[in-house]
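A short write-up of the structure that comes next.
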Amino acid sequence: MNGTQLYGLRRMAVTLRTSRHPALKGLRLKQKLALNQVSKQSKLTRLGGLYYSNTFTPPFPSRAYDRYLEGVVSICSGRPLPIITNFALTAKCPCDCWHCSFSSRVKKDELSLAELKRAIAEVQELGTSVIGFTGGEPLLRDDLEEAIAAAAPLSAPLLFTTGFGLTAARARALKEAGLLMPVVSLDHYRAEVHDRGRGRRGMFDTALKAIALFQEEGLYVSVSFVPERTMVDQPEEMWRTIEFFKELGVNDMRLTSPILSGRLAARPEEKLTPANVRTIYDIQRRCTASPGYPGVFAYDFFESEQLYGCGAGFNYLFIDAEGNLCPCDFTMISFGNLRERPLAQVWANTWRRFAQPGHLCYANLINDNVAARKSKVWPLGPAQAEEVHEQCPSFDPERLPRFYRKMSFIPPTI
């Protein structure tokens, strides 16, 4: 594993440093304790002179981390901004994944590099401190390094990849461009299971090679783990896979439960049961507390009503390969396209509807409504998106997630 996981006094010393950050100067003790309580849910790893907690937070100290804390304070004070923005650089992909949320998107008319750079600058102007590059498979873009360089250092760049086509030279070039946190798709400890889920033979070995190449560059390496519900029904299989990740020496794991979007829109049976969610919570807690295991960001845990809730359209933004702005990667609706309207205007049109965090995953919440429209073009455009949101509001004012209650959240003036 790259870096050193910090526990005890060493971790406390770093926590004390971050608690004195100028951006937190005006917060009350209750609010600082709320931030500290959330940070305890992630590991802390020292790597290359920086401290990493997870792939949703920039490393400390960095300009991106400064902007991240400024953004959290702004949001809780009633001034929404997209702290995290993901860009799908392409809809093209060598895989045919069982859970793909992007397979139905148009595979042409991708944003040019000039359009991407302009959009990156615009979301940074709005306050974005973490920028993820996804797809499709972003490694298929020859100009990926230039997009990453445009994001750094104001935003911490992430890369979501299957590893397809990655070489040692390109891993080095990506690091030199500013890449901090590569996230490699890996769903099982057995090659045949992973390859079957990805719809292409050899992807298991491709993923392992990518992990090794990124580790050789000294990067904070994460895996994206999307287990089928039948796998979550077998906790022993889940733990075998996590033990495998530990053996690989990855720093972090994004544990994403099946979300009813894209290919899974017509497969509600994949949605996790309450017992499954308890299994996910157990993994989150045990891995976080156990040295040597990768850190875990389990969506079911962090996006629950007991913690952050769902930030789709509230503090999170997704821009697809054609320039459609969506509340998140999995919500198949859009409130506008940056080629047709100013990006800031589309964002404002979005957050006015998502003015508070939700207590449920919004993609799952709207799935039946969206699927019933039987569209052949995704995402649904602004007119239908507004209908969906009117019929399925993204938040309940009476169910504000616990973190925001403790932060004394001030609803924005709409």
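Position 1 is the first residue of the sequence, and the numbers go up from there.
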Where is the tightest heavy-atom contact between [X] and [Y], given as atom of each residue plus distance?
X	Y	value
Cys93	Gly136	CB-CA, 3.9 Å
Ile120	Ile131	CG2-CD1, 3.8 Å
Cys76	Met407	SG-CB, 3.7 Å
Lys32	Leu24	CE-O, 3.3 Å
Leu317	Cys326	CD1-O, 3.6 Å
Ser334	Pro379	CB-CG, 3.7 Å

message = What verdict does the salt bridge (Lys or Arg N to Asp or Glu O under 4.0 Å) test give for Glu217 and Arg172, after you've listed the backbone C-alpha separation in whole Å, the side-chain angles of each residue and the deciding distance to 0.1 Å?
response = CA-CA 6 Å; Glu217 292 302 321; Arg172 190 169 306 114; 3.4 Å; yes

With side chains defined as the heavy atoms from C-beta onward, is the minimum distance between [X] and [Y] less than 4.5 Å?
X	Y	result
Glu192	Phe204	no
His99	Pro258	no
Leu159	Leu174	yes
Ile280	Leu272	yes
Met238	Ile283	yes
Ser77	Val73	yes
Trp351	Phe314	no
Asp66	His21	yes

query = Is there a ring-ring contact (aromatic ring centres under 6.0 Å, His included) between Phe225 and Phe245 once you walk through the steps?
reply = CA-CA 10 Å; Phe225 176 32; Phe245 294 160; 5.4 Å; yes

For the rings on [X] and [Y], is their centre-to-centre separation under 6.0 Å?
X	Y	value
Tyr189	His194	no
Tyr316	Tyr362	no
Phe409	Tyr404	yes
Phe133	Phe160	no

If you measure from [atom1] on [X] to [atom2] on [Y], what distance do you get to the nearest 0.5 Å?
X	Y	atom1	atom2	answer
Thr230	Asn276	OG1	CG	9.5 Å
Arg11	Arg46	CZ	CZ	13.5 Å
Gln5	Leu47	CD	CG	11.5 Å
Trp347	Ile319	CH2	CD1	10.0 Å
Ile211	Thr161	CD1	OG1	10.5 Å
Leu113	Asp143	CG	CG	4.5 Å

ask   = Can you name the side chain to side chain donor-acceptor pair (under 3.5 Å) partners of Tyr220, sequence neighbours left out?
value =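 Listed in chain order: Asp252.
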
key: side chain to side chain donor-acceptor pair (under 3.5 Å) partners for Thr162, two or more places apart   =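 Partners of Thr162 by the side chain to side chain donor-acceptor pair (under 3.5 Å) criterion, ordered by chain and then number, come out as Glu137.
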
inquiry  = Using the rule given for side chain to side chain donor-acceptor pair (under 3.5 Å), can you reason through Ser408 versus Arg28, listing the C-alpha separation, both sets of side-chain angles and the distance that settles it, and then say yes or no?
reply    = CA-CA 10 Å; Ser408 302; Arg28 300 192 301 276; 2.7 Å; yes

query = Does Arg201 CZ have over 12 foreign heavy atoms under 6.0 Å away?
reply =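 Atom CZ in Arg201 is not packed in, count stays at 12 or less.
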
request  = Using a cut-off of 6.0 Å, state whether more than 12 heavy atoms not belonging to Gln345 lie near its atom CD.
outcome  =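 For Gln345, atom CD is crowded (more than 12 foreign heavy atoms under 6.0 Å).
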
query = Taking it one step at a time, do Glu110 and Lys92 satisfy side-chain contact (heavy atoms from CB on, under 4.5 Å)?
reply = CA-CA 10 Å; Glu110 297 172 354; Lys92 299 170 185 173; 3.7 Å; yes

ask   = Quick one: does NZ or CZ of Arg286 land under 6.0 Å from the six-membered ring centre of Trp239, within 45 degrees of the ring axis?
value =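 Pair Arg286/Trp239 counts as cation-pi.
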
request  = Name the orientation class of the two ring planes belonging to Phe302 and Tyr308 (parallel below 30°, tilted from 30 to 60°, perpendicular beyond 60°).
outcome  =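 Because their plane-to-plane angle is under 30°, the rings of Phe302 and Tyr308 count as parallel.
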
key: Aromatic plane relationship, His389 with Phe335 - under 30° parallel, 30 to 60° tilted, over 60° perpendicular   =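 Phe335 and His389: perpendicular rings.
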
Salt bridge or not between [X] and [Y]? Use side-chain N to carboxylate O under 4.0 Å.
X	Y	answer
Glu70	Arg67	no
Arg339	Glu115	yes
Arg353	Glu390	no

Under 3.5 Å, is there a donor-acceptor pair between the side chain of [X] and the main chain of [Y]?
X	Y	result
Arg405	Leu400	yes
Thr18	Thr15	yes
Asn324	Asn337	no

key: ring-ring contact (aromatic ring centres under 6.0 Å, His included) between Phe60 and Tyr65, intermediate numbers included   = CA-CA 6 Å; Phe60 167 80; Tyr65 184 83; 5.1 Å; yes

Between the side chains of [X] and [Y], is a donor N or O closer than 3.5 angstrom to an acceptor N or O?
X	Y	answer
Glu243	Tyr293	yes
Thr128	Thr85	yes
Arg373	Asn369	yes
Asp396	His359	no
Asn54	Ser42	yes

message = Checking Thr55 against Arg254 for the side-chain contact (heavy atoms from CB on, under 4.5 Å) test, could you report, in this order, the C-alpha distance in whole Å, the side-chain angles of both residues, the deciding distance, and whether it holds?
response = CA-CA 8 Å; Thr55 58; Arg254 282 193 174 212; 2.8 Å; yes

ask   = Would Glu322 and Leu338 count as a side-chain contact (heavy atoms from CB on, under 4.5 Å) if you check the C-alpha gap in whole Å, the side-chain angles of each, and the deciding distance to 0.1 Å?
value = CA-CA 9 Å; Glu322 283 194 299; Leu338 60 80; over 6 Å; no

ask   = Could you go step by step and tell me if Lys43 and Tyr52 meet the side chain to side chain donor-acceptor pair (under 3.5 Å) rule?
value = CA-CA 8 Å; Lys43 286 182 180 285; Tyr52 293 80; over 6 Å; no

inquiry  = With salt bridge (Lys or Arg N to Asp or Glu O under 4.0 Å) as the criterion, how do Glu305 and Arg399 come out once you've worked through the C-alpha distance, each side chain's angles and the decisive distance to 0.1 Å?
reply    = CA-CA 8 Å; Glu305 188 177 353; Arg399 299 186 67 176; 2.7 Å; yes

